[in-house]
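One structure is given below, encoded as structure tokens.
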Amino acid sequence: MAEQPTYYITTAITYPNGEPHIGHAYEYISADVMARFKRLDGYETFFLTGTDEHGQKVQQNAEAQGLTPKELVDQNAAVFKQVDDEVLNISYDRFIRTTDTDHYEASQAIWRRMVEAGDIYLDKYSGWYSVRDEAFYAESETEVREDGERYSKETNTEVHWVEEESYFFRLSAYQDKLLKFYADNPDYGGPRSRFNEVIRFVENGLNDLSISRTTFDWGVPVPKDLTESETSLDHVMYVWVDALTNYLTGVGFPNTDSESFAKFWPADLHLIGKDISRFHCIFWPAFLMSAGIELPKRVIIHGHLHNAGVKMSKSIGNVVAPSAWVDTYGLDPVRFFLLREFPYGQDGSYTHEAVVGRKNSDLANNLGNLAQRSLSMIAKNCQGAIPEPGQLTEADQAILEQASSLLETSRKAYEVQEFHKALERTWHVLGETNAYFAEAAPWKLAKGDAAEQQRMRTVLYVTAEVIRRVALLIQPVIPDSATKLLDALAVEASGDAGATNASNTGPRSFAAFGDALVPGTPIAKPQPIFPRHEEKEDA
RNA sequence: CCGGGGUUAGCUCAGUUGGUUAGAGCAGAGGACUCAUAAUCCUUUGGUCGUGGGUUCAAGUCCCACACCCCGGACCA
């Protein structure tokens, strides 16, 4: 047997300092869909997500609440994990926390490698520092406001003059190497327009990067044996060094001989938001080059979601909790909407009407009703079993051919994370199938002679077979509904709609895409799977 | 200020290397059907393709200028 292909995908790890909102859900769901697709397509897949728990902000918040930092992040991380587990049905293989003990080991190991490469040196940093942003600002980027305090103009956070000893990473030495890497790997960052912005930024020159702090201790300690010869201070790593390293920790680093590291590194895809593209497209590859570790294959940068065109913000009060949406619309409609509605990579604007439109029009009408009408006819007119088709006409073959092409179309689209295109094409075929069904009018054939009855059975078979193929392919997006659909078609159970590698093979994996429904298989009386949206009564 | 992207039907968007009557989905209108979740199918209304110039036999598609929007970045305080 040929060696099984592998796939390693990560989300950004979340800074758990607030309630999860629909933007977090967008990232988790899209990564989940990608992971499920790959599992169903036969890839041994590892899907990593988690929380980023270090930093001064956490330490200060904890003090303010009378907790230890660990107590605080235990609480907050649990909230995010719960959303993954109980609200969004996210099929991660590991929920990593940067406070996990193996992560300390990994972070110290990559640091050590970068020291050995001669890329880390001790110096002094001074400047205006914002605790909230965890960033330094030039004086010109700040201003003193009415309350006498100095603020960052861009982010409106308080800044303080900080002068501290810090370790630096020789990022400036990587400008040419990075540019060459981008040129050699034009698909490293996507979509192209966002990747171009990164490249232009690098072309404008890079400064060395401060990568340690001494003013607080909530972080991964820089190994003492590396610092004792030159300083007596205790350094902890700048959060981004340890945060990015989570991608290595997740698959076994620093144990590079481990089975999981050998299997899954380099990562196939880092899926992140546009706010952190620079960390993933510049710092991360530079760190890895320095440490002599292979670079990930691709970073896909998604956009942000806007509430009816307005940026979500707590002060405006238009932040939507994932659980609120799921309660209102149902999980699968939410998952479908997020991936179908927006070209992946661009910002998206959502409205209640838009979500309801997708739920009713695409799911309930075009797919749900097609399944219901065809399966009902099979239940009533074919002794409740998948019928035996007769000679296929050109129309039959044409619609089956369209459905067949969807596997390759979807693979190509998913390869570059153009989820919307895969779904658009799939729903186009469903539209054609509805037209095919109306044209063939099997309900009229049911009343005809033996030849017409045979023709009816053929039409019903072809329609059901199209639905089977579509149902297989949309398992990643709407796993629960697609499973019900396959159940209704009496497709032999296998796997778990892409949730684990148990979905790599079997009648419900993509390996079975080219199979066909087996005539004579009994089916149950169909029940509607995609209800139309019901508006709740005003409170 | 520099760079990138955008400005196409009521809404969201496609429009390939410039080439016949500018497309889709949703929404609207009319009709059909009754298997089905008042779903589906057919037909149809609707656009001076941001503005003004230019190149060309021919421009949504190329060039220039301008306006507005979005995204990056720089500089001055």
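Reckoned from all heavy atoms, side chains included, excluding hydrogens, waters and symmetry mates. Just so it is clear: chains get the letters A, B, ... in the order the sequence lines come, proteins before strands, and each one is counted from 1.
Computed from coordinates, the E424(A) CD to C26(B) C1' distance equals 13 Å when rounded to whole Å. One atom, CE of M456(A), and another, P of A36(B), lie 13 Å apart when rounded to the nearest Å. In this structure, I523(A) atom CD1 and A36(B) atom P are separated by 14 Å, rounded to whole Å. As a whole-Å value, the separation of K525(A) NZ from A36(B) C1' is 12 Å. In this structure, CD of E341(A) is placed 13 Å from P of A14(B), rounded to the nearest angstrom. If you take CZ of R373(A) and P of A36(B), they are 10 Å apart, rounded to a whole angstrom. If you measure from atom CE of M377(A) to atom C1' of U34(B), you get 11 Å, rounded to the nearest angstrom. Distance I467(A) CD1 to U37(B) C1': 14 Å, rounded to the nearest Å.
Aromatic rings from F419(A) and F336(A) are positioned such that their centres are separated by 6.0 Å or more.
With T49(A) as the partner, the side chain to side chain donor-acceptor pair (under 3.5 Å) test is satisfied by one option alone out of T10(A), T14(A), T11(A): T11(A).
Comparing G60(B) with A22(B), their C1' atoms are spaced 8 Å from each other, to the whole Å. Comparing the C1' positions of G19(B) and U40(B) gives an interatomic distance of 39 Å, to the nearest angstrom. As rounded to the nearest Å, A32(B) and A24(B) have P atoms that lie 24 Å from one another. As rounded to the nearest Å, A67(B) and A27(B) have C1' atoms that lie 30 Å from one another. Distance noted for atom P between G52(B) and A14(B): 24 Å (whole Å). A distance of about 22 Å separates the C1' atoms of G18(B) and C13(B), rounded to the whole Å. Nucleotides G6(B) and U45(B), compared at atom C1', are 29 Å apart to the nearest Å. Of the P atoms belonging to G10(B) and U51(B), the separation is 14 Å, rounded to the nearest Å.
Relative ring orientation between Y26(A) and Y344(A) is described as tilted, the plane-to-plane angle lying within the 30° to 60° band. Classification of the H533(A)-Y329(A) ring pair by plane angle, with boundaries at 30° and 60°, yields tilted. Under the 30°/60° scheme for interplanar angles, the aromatic rings of F168(A) and Y121(A) are found to lie parallel. Ring pair H280(A)/Y247(A) is tilted by interplanar angle, where 30° to 60° counts as tilted.
Residue contacts shown for N381(A) are absent, as no nucleic acid heavy atom lies under 4.0 Å away. At a threshold of 4.0 angstrom between heavy atoms, the contacts of G357(A) with the nucleic acid are absent. Using a 4.0 Å heavy-atom cutoff across all strands shown, I529(A) reaches at least one base atom of the nucleic acid. N365(A) comes within 4.0 angstrom of sugar-phosphate atoms only, judged by non-hydrogen atoms across all strands, and of no base.
Checking U40(B), C71(B), G4(B) against every side-chain atom of N434(A), the shortest atom distance belongs to U40(B). In the set A39(B), C35(B), C42(B), A39(B) carries the atom at the smallest distance from any side-chain atom of N369(A). In the set C41(B), U37(B), C35(B), U37(B) carries the atom at the smallest distance from any side-chain atom of A364(A). If you check G3(B), C35(B), C26(B) against the side chain of S361(A), the one that comes closest is C26(B). Between C35(B), G4(B), C41(B), one nucleotide has an atom nearer to the side chain of R200(A) than all others, and that is G4(B). Checking C33(B), C35(B), C71(B) against every side-chain atom of E197(A), the shortest atom distance belongs to C71(B). The nucleotide whose nearest atom lies closest to any side-chain atom of Q372(A) is, among U37(B), C41(B), C71(B), U37(B). Closest contact between the side chain of W443(A) and the listed nucleotides A36(B), C26(B), C35(B) involves C35(B). Considering only side-chain atoms of F530(A), the nucleotide from C26(B), U34(B), U37(B) that sits closest is U37(B).
Comparing R532(A) and P343(A) by the nucleotide of RNA chain B whose heavy atom lies nearest to each, the residue mapping closer to the 5' end is P343(A). Nearest-nucleotide positions on RNA chain B place P528(A) closer to the 5' end than the other of N366(A) and P528(A).
Stem analysis of RNA chain B (at least three stacked-register Watson-Crick or G-U pairs, each with both distances under 3.5 Å) gives B:1-7 with B:67-73, B:10-13 with B:23-26, B:28-32 with B:40-44, B:50-54 with B:62-66.
A donor-acceptor distance shorter than 3.5 angstrom exists from the side chain of R335(A) to the backbone of L88(A), with no hydrogens or angles considered. Counting only distance, with no hydrogens or angles, the side chain of D515(A) and the backbone of P507(A) share no donor-acceptor pair below 3.5 Å.
In this structure, K380(A) reaches the A36(B) phosphate: one of its side-chain N or O atoms is under 4.0 Å from OP1 or OP2.
Between R468(A) and E465(A), at least one side-chain nitrogen of the basic residue sits less than 4.0 Å from a carboxylate oxygen of the acidic one, meeting the salt-bridge criterion. Between D32(A) and R36(A), at least one side-chain nitrogen of the basic residue sits less than 4.0 Å from a carboxylate oxygen of the acidic one, meeting the salt-bridge criterion.
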